[in-house]
2 protein chains.
Amino acid sequence: MTSEVKVSVPKKEDLESGAKIRLLVVDDHPPMRMGLIALIKSQPGMDVIAEASDGEEAIEVYDDVLPDIVMMDLRMPGMGGVEAILSICKKHPDAKVIVLSTYDWDEDIHRAIQSGAKSYLLKDMSVEEIASTVREVHEGISSLPRQVAERLEERSKRQQLTERERDVLEYLIKGRSNKEIASSLYLSEETVKSHLKSLFAKLKVRDRTEAAIEAIRHGIVQID
Amino acid sequence: MTSEVKVSVPKKEDLESGAKIRLLVVDDHPPMRMGLIALIKSQPGMDVIAEASDGEEAIEVYDDVLPDIVMMDLRMPGMGGVEAILSICKKHPDAKVIVLSTYDWDEDIHRAIQSGAKSYLLKDMSVEEIASTVREVHEGISSLPRQVAERLEERSKRQQLTERERDVLEYLIKGRSNKEIASSLYLSEETVKSHLKSLFAKLKVRDRTEAAIEAIRHGIVQID
DNA sequence: CGCGAATTCCCCCAAATGGGTGAGGGCGGC
DNA sequence: GCCGCCCTCACCCATTTGGGGGAATTCGCG
């Protein structure tokens, strides 16, 4: 995959009919919700028909209003964006969700796209860029901004972590020692060290502290 | 010509309570800026007269428009909120800056208040709470929301780090070893270890990995 | 001036960590 | 069946780390 991913499935009727694109806006920050609504309403041919402040509410409201597009934040208290996207796309396979996140962390981008998001935008992008992506996604074009696509590309270059390595990393982030990780996962300490060795190699770091920071930086594991 | 609408139609509030509160909105995210502008304009008695997308621009624009209140994000590319507040308050000691941040990290709150901010709001707060704080600050009342005040309280319970301890922590976060930190700061390795000991005690952690995570969690040091 | 706090450095020593290497079992794909 | 991967565990060994002391210097504050 290169920097721009576009899969074109044009629908003439959408382009020609006067009907507006009907958006559902999901974000836990009231001012951001207001901004997105203002942004959408300022664009001809699109309108916000509903809003939600977390993943659970988003799922409910989606079923109620069946919007053309969902504009969704990723990190929200309670059910996050990824779970909401999975749930919505399972029930409505043609749902079109655009993620609008603060962070361009490669693991976040990957998780969002994997779970069914059609695009991934950043909150520091311009009104025009956001609006034009809404239009593209509505036309069935699944496009990623260059900056985001690059991050996804970087991720693919980084070797994938195995399940066990992720488990170890999770405890590592909590500040646990090898011994503690071993007993938590019912492993010998030697096995934990073994996983750590490959983990360090894959993350290209020398020690656990660097690993923790890299993991946080890439969004591989969440803090809090 | 007599085509100025502003002059001809004065609002009721303007007549009763004098002029509107004039706001400067500073945030690097276009949709958030739109949201804050929409939020302010939806409130009677206040108006947005200018906007900026980073610290430097904020300083310039402040001098130009001399707003009654600044609504400022903390983490922005280039010059951040803290530096901007310091610069503005130095030149205009009666400036009223309200920080509007995503994070309730105690160090962020402390730095903002120390540098001269009159209040610290979170982006997940309601429109009403944000608006009422603007009014309070404009009346000269410097109030902190309970949630934020509690965080600040927690911080005061944690022992302050010394300058040197911060220096060591900074390199620690970068994944440096004791030896590397020592040579970077022109210290003996023993001195670094000495600072680390008190650092661990103050942060109530057992090792450097926990220290790194705690430091990030509290916003003591920035990642990226 | 005495006190505390910060900074610098030292010693000792136990424990934890990280690197190298190897090895057996399981499981899926060609 | 064989190959590659994952998972498990083991041993050796050097280095790093962290905890316990102590000590000299500076510097500001009452």
Side-chain angles (χ1 to χ4, degrees), chain A residues 107 110-111 114 155-218 220-221, chain B residues 107 110-111 114 155-218 220-221:
Chain A
E107 283 292 327
H110 177 256
R111 272 194 293 263
Q114 277 303 303
R155 181 188 179 280
S156 72
K157 282 201 281 285
R158 191 177 71 232
Q159 256 196 82
Q160 297 257 24
L161 301 187
T162 69
E163 202 188 328
R164 238 24 187 160
E165 284 158 2
R166 267 166 208 283
D167 290 340
V168 172
L169 186 55
E170 204 178 295
Y171 285 96
L172 178 57
I173 295 292
K174 292 179 177 156
R176 304 281 189 274
S177 71
N178 293 349
K179 202 167 290 185
E180 288 167 334
I181 298 172
S183 76
S184 294
L185 295 175
Y186 303 103
L187 295 175
S188 91
E189 201 182 327
E190 284 303 317
T191 306
V192 172
K193 288 173 70 175
S194 176
H195 288 309
L196 281 177
K197 283 171 205 172
S198 49
L199 188 55
F200 293 166
K202 288 180 181 178
L203 294 182
K204 297 193 179 69
V205 298
R206 291 171 302 171
D207 56 44
R208 52 182 54 226
T209 307
E210 269 191 284
I213 295 159
E214 274 296 290
I216 292 170
R217 199 194 300 286
H218 289 292
I220 298 175
V221 290
Chain B
E107 282 293 328
H110 177 257
R111 271 193 293 263
Q114 277 303 303
R155 181 189 179 278
S156 72
K157 282 202 281 286
R158 191 177 72 231
Q159 255 197 84
Q160 298 259 23
L161 301 188
T162 68
E163 202 189 327
R164 235 31 185 155
E165 284 158 2
R166 267 166 207 282
D167 290 340
V168 172
L169 187 54
E170 204 179 294
Y171 284 96
L172 178 56
I173 295 292
K174 293 180 177 156
R176 304 282 189 273
S177 71
N178 293 348
K179 202 167 291 185
E180 289 168 333
I181 299 172
S183 77
S184 293
L185 295 177
Y186 304 103
L187 294 175
S188 91
E189 201 181 329
E190 285 302 317
T191 306
V192 172
K193 289 173 70 176
S194 177
H195 289 309
L196 280 175
K197 282 173 207 173
S198 49
L199 188 55
F200 293 166
K202 287 180 180 177
L203 295 181
K204 296 194 180 68
V205 298
R206 291 171 302 171
D207 55 45
R208 53 181 55 226
T209 307
E210 269 192 283
I213 295 160
E214 273 296 290
I216 292 170
R217 199 195 300 286
H218 289 292
I220 298 175
V221 289

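Quick note on labels: first sequence line is chain A, next is B, and so on, each numbered from 1. Only a predicted model underlies this, so the values are computations on that prediction, with no experimental measurement involved.
Using a 4.5 Å heavy-atom threshold, the side chains of E107(A) and R158(A) count as touching. For the pair V205(B) and L199(B), the minimum side-chain heavy-atom distance is 4.5 Å or more. Using a 4.5 Å cut-off on side-chain heavy atoms (C-beta onward), E189(A) and I181(A) make no contact.
Separating the CD atom of E189(A) from the C1' atom of dA16(C) is a distance of 8 Å, rounded to the nearest angstrom. In this structure, the CG atom of L199(A) is 14 Å from the P atom of dT17(C), given to the nearest Å. To the nearest angstrom, P of dT17(C) lies 7 Å from CG of D207(B). Straight-line distance from the NE2 atom of H195(A) to the C1' atom of dC9(D): 10 Å, rounded to whole Å. What separates NZ of K193(B) from P of dA15(C) is a distance of 15 Å, to the nearest Å. The interatomic distance linking F200(A) (CZ) with dT17(C) (P) rounds to 9 Å, in whole Å. Atom CG of L196(A) and atom P of dT17(C) are 9 Å apart (whole Å). At whole-Å resolution of the value, CD1 in I181(A) and C1' in dT8(D) are 16 Å apart.
Side-chain contact annotation: S194(B) with T191(B), donor-acceptor N/O pair under 3.5 Å absent.
Of the two residues near DNA chain D, Y186(A) and T209(B), the one whose nearest nucleotide lies more 5' is Y186(A). If R206(A) and L187(B) are placed on DNA chain C by their nearest nucleotide, the residue sitting closer to the 5' end is L187(B).
To the nearest 0.5 Å, atoms CD (E210(B)) and NZ (K204(B)) are separated by 12.5 Å.
Within residues 157-171 of chain B, the residues having any heavy atom under 4.0 Å from DNA chain C are, by residue number, T162(B), E163(B), R164(B).
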Each nucleotide N or O in nucleotides 20-28 of chain D that has a protein N or O under 3.5 Å away: list the pair and distance.
| from | atom 1 | to | atom 2 | distance (Å) |
| --- | --- | --- | --- | --- |
| dG20(D) | O6 | K197(B) | NZ | 2.4 |

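Of all heavy-atom pairs between D207(A) and G175(B), the closest is OD2-O, 3.8 Å. When all heavy atoms of Q160(B) and R155(B) are compared, the closest pair comes out as OE1-NH2, 3.1 Å.
With distances taken from any side-chain atom of T191(A) to the nucleotides dG19(C), dC10(C), dC9(D), the minimum falls on dC9(D). Of all nucleotides listed (dT17(C), dC7(D), dT17(D)), dT17(D) comes nearest to the side chain of N178(B). Looking at the side chain of S177(A), the nearest of the listed nucleotides dT17(C), dC12(C), dT8(D) is dT17(C).
Using a 4.0 Å heavy-atom cutoff across all strands shown, K179(A) reaches sugar-phosphate atoms only and no base atom.
Five base pairs at each end of the helix from dC1(C)-dG30(D) to dC30(C)-dG1(D) define two local axes, and these are offset by 40° (rounded to 10°).
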